[in-house]
Amino acid sequence: MTARPGPDRVARAALTSIAEPADPVMAELLRHCSPAVVIAALIAGKALPWPAAMPALERARQRWSARLGEAPTADRLDAWQRDGLRFICPGDPEWPGQLDLLGPARPWGLWLRGNADLRFACLRSVSIVGTRAATAYGQHVCGEMAAALAERDWAVVSGGAYGIDSRAHQGALAAEGITVAVLPGGVDKPYPRGHHDLFLAIAAAGVLVSELPPGRTPTRPGFLVRNRLIAALSRGTVVVEAALRSGALNTARHARDLNRPLMAVPGPVTSALSEGCHEIIREWGAVCVTCAGDVIEMLAFPGDGGQPGPGGQPGPGRPAGPGGPASLFGPVLPRDALDPVTAQVLEVIPARQGRGPARIAVTAGVDFDTAMRCLGELTAGGFVERCDRGWRLRAARKGEGDAMR
């Protein structure tokens with residue numbers, strides 16, 4: 001978000017302040033009108049544009065109107081941007097398209113803090129979740145799995161909590177990989193506070209994500225609501241250690257409902273903290289995995305570094321084809337596949353110091369909107385990355401060689 005935020009962006013930012021994530025009434029309202037129309041009607045005290053009278057809408061309107069004073073202005077968005085926070089909306093270059101599969105539960109927008117590009121990070125990503133009261137066994141397996149996945153250029157997505165979540169993030173960071181933390185509160189003061197140093201490390205090498213605006217503290221229902229994002233952002237979910245009533249099973253349920261591969265690590269049959277893993281293997285059809293290789297075999301599409309299934313087809317749980325997960329998470333594009341205009345924009349992006357989109361547009365000889373579209377494609381394809389000064393070429397990671405050049 002480099003230009004001054006427009007009305008739709010400001011309105012969506014306001015929605016994150018006045019409406020709870022996945023609010024079904026707001027989701028239905030947005031089917032009939034834009035966020036800007038909703039916010040304008042609330043400010044003016046006018047009736048909301050609903051096709052028929054509905055008691056739930058009136059109750060929701062009163063609730064939203066009472067929170068209007070918490071909605072950020074365009075100036076406040078600019079200030080947060082200068083502080084290193086950014087707000088992305090559906091259709092932005094950094095917006096992960098797989099979130100659209102959430103349908104009415106899709107976020108109004110996302111608040112981010114960190115150096116990694118969220119959309120690109122999630123192209124090859126795995127969610128790893130589990131209990132807060134992790135055993136030494138669970139922490140060891142989780143750390144080894146996360147590090148091995150990161151070494152093979154898979155991003156690790158989790159919730160930043162104590163126990164398995166934090167060990168997943170730490171394992172990815174130890175391997176100098178990218179990790180994404182989906183938080184239950186604002187990204188400016190991430191929860192839990194005891195992970196202050198961990199969150200700083202995640203922001204430096206990955207990205208912190210929240211549906212809630214800066215300054216917002218977590219609520220008990222918020223922990224469960226955000227779990228759908230952990231499941232939706234990645235290609236599949238691994239439950240490392242979870243009791244029968246663990247919140248990690250809520251994330252697993254979202255992954256199952258989204259038709260994403262669901263995996264679980266087996267534990268000792270005497271451990272109550274593994275009973276949830278054993279149940280989803282037995283009852284939900286989760287695949288038993290014991291190492292990073294098992295996970296990658298479940299998730300990789302042919303041609304993106306993983307092993308194909310029998311006969312060269314995607315393996316179990318890996319649907320492909322138009323509109324399926326393969327088209328949403330598809331493999332990184334080679335330079336030769338770029339259209340001429342996008343390739344022209346790529347040529348003027350510096351390798352080290354970043355360059356702003358307006359300057360990129362002028363140097364490439366294209367208009368600003370075209371430059372932004374091309375930057376979105378290049379970012380999603382792994383050619384460029386966002387930095388403090390704009391965009392720059394993304395350094396090749398291990399195993400990529402010259403494929404991206």
Side-chain angles (χ1 to χ4, degrees), residues 125-150 154-175 177-184 190-199 201-202 206 208-209 218 222-224 226-256 260-281 284 286-292 294-295 298-299:
S125 62
V126 181
S127 294
I128 301 180
V129 295
T131 180
R132 287 174 171 80
T135 65
Y137 163 80
Q139 293 193 38
H140 171 76
V141 172
C142 178
E144 293 291 316
M145 180 178 290
L149 287 165
W154 285 79
V156 173
V157 181
S158 198
Y162 293 114
I164 293 300
D165 285 17
S166 62
R167 196 68 190 96
H169 294 305
Q170 291 164 352
L173 292 171
I178 294 176
T179 185
V180 177
V182 184
L183 305 176
Y191 178 90
R193 298 292 178 84
H195 280 164
H196 177 266
D197 292 342
L198 174 61
F199 290 134
I202 293 173
L208 305 176
V209 181
F223 285 94
L224 294 179
R226 65 85 189 260
N227 287 343
R228 77 193 194 289
L229 299 187
I230 297 176
L233 283 171
S234 63
R235 288 193 181 179
T237 295
V238 181
V239 183
V240 174
E241 200 170 41
L244 287 175
R245 295 180 60 83
S246 171
L249 297 191
N250 178 261
T251 306
R253 185 174 292 104
H254 284 296
R256 181 192 63 181
R260 301 281 167 79
L262 178 59
M263 296 153 278
V265 174
V269 296
T270 55
S271 173
L273 289 177
S274 287
E275 288 180 356
C277 295
H278 298 157
E279 178 172 273
I280 64 175
I281 291 173
W284 298 11
V287 174
C288 176
V289 294
T290 60
C291 63
D294 293 345
V295 176
M298 276 293 298
L299 301 181

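Heavy-atom basis, side chains included; hydrogens, waters and symmetry copies ignored.
- Between F199 and H169, a ring centre-to-centre spacing not shorter than 6.0 Å is recorded.
- At distances below 3.5 Å, at least one donor-acceptor pair connects side-chain atoms of R260 with backbone N or O atoms of S234.
- Taking A292 as the reference, A148, L149 meet the side-chain contact (heavy atoms from CB on, under 4.5 Å) condition, with sequence neighbours excluded.
- Remark: the backbone N or O of A134 is not paired with any side-chain donor or acceptor of T131 at under 3.5 angstrom.
- Residues meeting the side chain to side chain donor-acceptor pair (under 3.5 Å) test with S271, sequence neighbours left out: none.
- C142 pairs in a side-chain contact (heavy atoms from CB on, under 4.5 Å) with only one of the listed residues (V129, V265, V156, V240), which is V240.
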**Request:** Using the side-chain contact (heavy atoms from CB on, under 4.5 Å) rule, take W154 and V295 through it: C-alpha gap first, then chi angles, then the decisive distance, then the call.
**Result:** CA-CA 10 Å; W154 285 79; V295 176; over 6 Å; no

All N/O donor-acceptor pairs, side-chain side in residues 274-281, below 3.5 Å, sequence neighbours left out:
residue, atom, partner, partner atom, Å
H278, ND1, S274, O, 3.4
H278, NE2, G267, N, 3.0
H278, NE2, G267, O, 3.1

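- Atoms CD1 and CD1, from I178 and I202 in turn, are 12.5 Å apart once rounded to the nearest 0.5 Å.
- Between the CE atom in M145 and the NE2 atom in H140 there is a gap of 10.5 Å [rounded to 0.5 Å].
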**Message:** If you apply the rule side-chain contact (heavy atoms from CB on, under 4.5 Å), what do you find for S166 with L198, and how did you get there?
**Reply:** CA-CA 8 Å; S166 62; L198 174 61; 3.9 Å; yes

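- Interatomic distance, OG1 of T179 versus CG of L173, reported as 6.0 Å (0.5 Å rounding).
- With rounding to the nearest 0.5 angstrom, the NE2 atom of H254 is 9.0 Å from the CG atom of L229.
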**Request:** Report the C-alpha distance between V287 and D294 in whole Å, list the side-chain angles of each, state the deciding distance to 0.1 Å, and finish with yes or no for side-chain contact (heavy atoms from CB on, under 4.5 Å).
**Result:** CA-CA 9 Å; V287 174; D294 293 345; over 6 Å; no

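- Figure legend: R226 and Y191 shown without cation-pi pairing, the cationic atom not lying both under 6.0 angstrom from the six-membered ring centre and within 45 degrees of its axis.
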